[in-house]
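This report refers to the structure that appears directly beneath it.
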Amino acid sequence: ARYAPWQEDPLLEGLADLVQQGEVAALGVSNMGPRRLRAVHRRLAERGVPLSSLQVQLSLLAPNPIQPGGVAEVCRELGIRLIAYSPLALGLLSRSDQDPRPLPPGPRCALFRRLGPRLEPLRRAMAELADGRPGGLAAVALNWCRAHGALPIPGLRRPEQVDQAAAALAWNLSEEERRRLDDLALGLEVGM
């Protein structure tokens, strides 16, 4: 609430100072678009400080970073590690319509009810891809992020969620499977 854009430049300079002084090993940023990311990368490079990572919301329900000219492309070009937060879209992508558990409480319940019906084609494709592979729908969603060069950081609250995330590392999506999910994700209008 107190953020002001004029604060960003002094903050970046201070963080770059810490890297140059050896106080921190690497510098990463979050929630930047392609133009701002290029500008920050250029500014830090002028000081000899590499920009190591960018963290953005990236999931099958928030695919903007993978669009042409998006931050995923810029990260690949500049050698910046892309980190995907909320890769399971608050749990929407790890839960089938047949899940016997009650919907989560509060605002997430309303989100699940509002978006659930629109996700049916995507969930159906994810279920087909998950069939015979460990980790279920969550592993498909995590592997989609990985297929785009991102490191997904899912929220893990229960042991089975840890198991699903670990199982995702046992396999990868093919290029054709990734493209199929891309088409579905980019065609959705969910407003996440």
Side-chain angles (χ1 to χ4, degrees), residues 1-94 104 106-108 111 115 138-139 141-157 161-162 164-166 168-169 172-173 175 178-179 181-182 185-186 188-192:
R2 295 186 182 143
Y3 174 79
W6 60 265
Q7 295 171 317
E8 190 171 285
D9 288 336
L11 175 64
L12 283 171
E13 292 299 320
L15 293 171
D17 290 344
L18 292 173
V19 172
Q20 288 180 324
Q21 295 163 7
E23 298 292 326
V24 294
L27 188 131
V29 294
S30 69
N31 297 326
M32 290 187 174
R35 284 184 298 197
R36 184 71 184 134
L37 181 60
R38 284 184 188 282
V40 167
H41 178 269
R42 185 174 40 256
R43 182 175 184 162
L44 293 171
E46 289 170 358
R47 290 194 55 180
V49 174
L51 181 56
S52 68
S53 65
L54 171 69
Q55 179 178 294
V56 294
Q57 183 177 12
L58 174 62
S59 74
L60 286 158
L61 300 187
N64 283 346
I66 68 157
Q67 294 200 18
V71 293
E73 187 177 293
V74 175
C75 284
R76 279 190 299 276
E77 175 190 328
L78 300 177
I80 299 168
R81 181 66 182 193
L82 181 61
I83 300 173
Y85 72 78
S86 199
L88 301 177
L90 302 172
L92 280 160
L93 295 172
S94 61
R108 282 181 60 212
L111 184 67
L115 296 181
L142 296 173
N143 276 321
W144 179 82
C145 289
R146 290 177 54 228
H148 283 286
L151 172 65
I153 50 171
L156 304 172
R157 292 187 179 96
Q161 292 171 325
V162 174
Q164 290 170 336
L169 297 173
N172 297 305
L173 292 171
E175 185 68 20
R178 183 201 52 83
R179 278 195 303 268
L181 291 174
D182 287 355
L186 293 169
L188 284 173
E189 294 196 20
V190 294
M192 290 256 340

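This structure is a prediction, so every number in the text was calculated from the model and none was measured.
- Using a 4.5 Å cut-off on side-chain heavy atoms (C-beta onward), Met32 and Val71 make no contact.
- Taking both residues in full, the closest heavy atoms of Leu93 and Ser59 are given as CD1-CB, 3.9 Å, listed atom of the first, atom of the second, then distance.
- Arg178 pairs by the salt bridge (charged side-chain N to carboxylate O under 4.0 Å, His left out) definition with Glu175, Asp182, not counting sequence neighbours.
- For residues 65-83, every residue pair satisfying the salt bridge (charged side-chain N to carboxylate O under 4.0 Å, His left out) rule, not counting sequence neighbours, is listed here: Arg38-Glu77.
- With hydrogens and angles ignored, the 3.5 Å screen pairs a side-chain donor or acceptor of Ser52 with a backbone N or O of Leu27.
- The CG atom of Leu82 sits 10.5 Å away from atom NE2 of His148, with the distance rounded to the nearest 0.5 Å.
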ask   = After noting the C-alpha distance and the side-chain angles of Asp17 and Arg47, does the key distance pass the side-chain contact (heavy atoms from CB on, under 4.5 Å) rule?
value = CA-CA 9 Å; Asp17 290 344; Arg47 290 194 55 180; 2.4 Å; yes
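- Between atom NE2 of residue His41 and atom CG of residue Leu54 there is a gap of 11.5 Å, rounded to the nearest 0.5 Å.
- Contact between Arg146 and Ala168 at its shortest, heavy atoms only, is NH1-O, 3.0 Å.
- Leu60 CG to Leu181 CG: the interatomic distance, rounded to the nearest 0.5 Å, is 5.5 Å.
- In this structure the side chain of Cys75 reaches within 4.5 angstrom of the side chain of Leu37, judged on heavy atoms.
- Between Ala138 and Leu88, the shortest heavy-atom distance links the atoms O-CD2, 3.8 Å.
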request  = Go through Ile153 and Gln55 one step at a time and tell me if the side-chain contact (heavy atoms from CB on, under 4.5 Å) criterion holds.
outcome  = CA-CA 10 Å; Ile153 50 171; Gln55 179 178 294; 3.7 Å; yes
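- No donor-acceptor distance shorter than 3.5 angstrom exists from the side chain of Gln164 to the backbone of Ser94, with no hydrogens or angles considered.
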request  = Give the C-alpha distance, both sets of side-chain angles, the deciding distance and a yes or no for side-chain contact (heavy atoms from CB on, under 4.5 Å) between Val29 and Leu12.
outcome  = CA-CA 9 Å; Val29 294; Leu12 283 171; 4.2 Å; yes
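- Taking each heavy atom of Val74 and Gly69 in turn, the nearest pair found is CG2-O, 4.4 Å.
- A heavy-atom distance below 4.5 Å is found between the side chains of Leu18 and Gln21.
- Nearest approach of Pro152 to Ala150, heavy atoms of both residues: CD-O, 3.2 Å.
- Atom CZ of Arg43 sits about 13.0 Å away from atom CG of Leu51, to the nearest 0.5 Å.
- The nearest pair of heavy atoms linking Ala165 to Leu142 is CA-CD1, 3.7 Å.
- Between atom SG of residue Cys145 and atom CD1 of residue Ile66 there is a gap of 9.0 Å, rounded to the nearest 0.5 Å.
- The distance from atom CG of Asn143 to atom CG of Leu169, rounded to the nearest 0.5 Å, is 7.5 Å.
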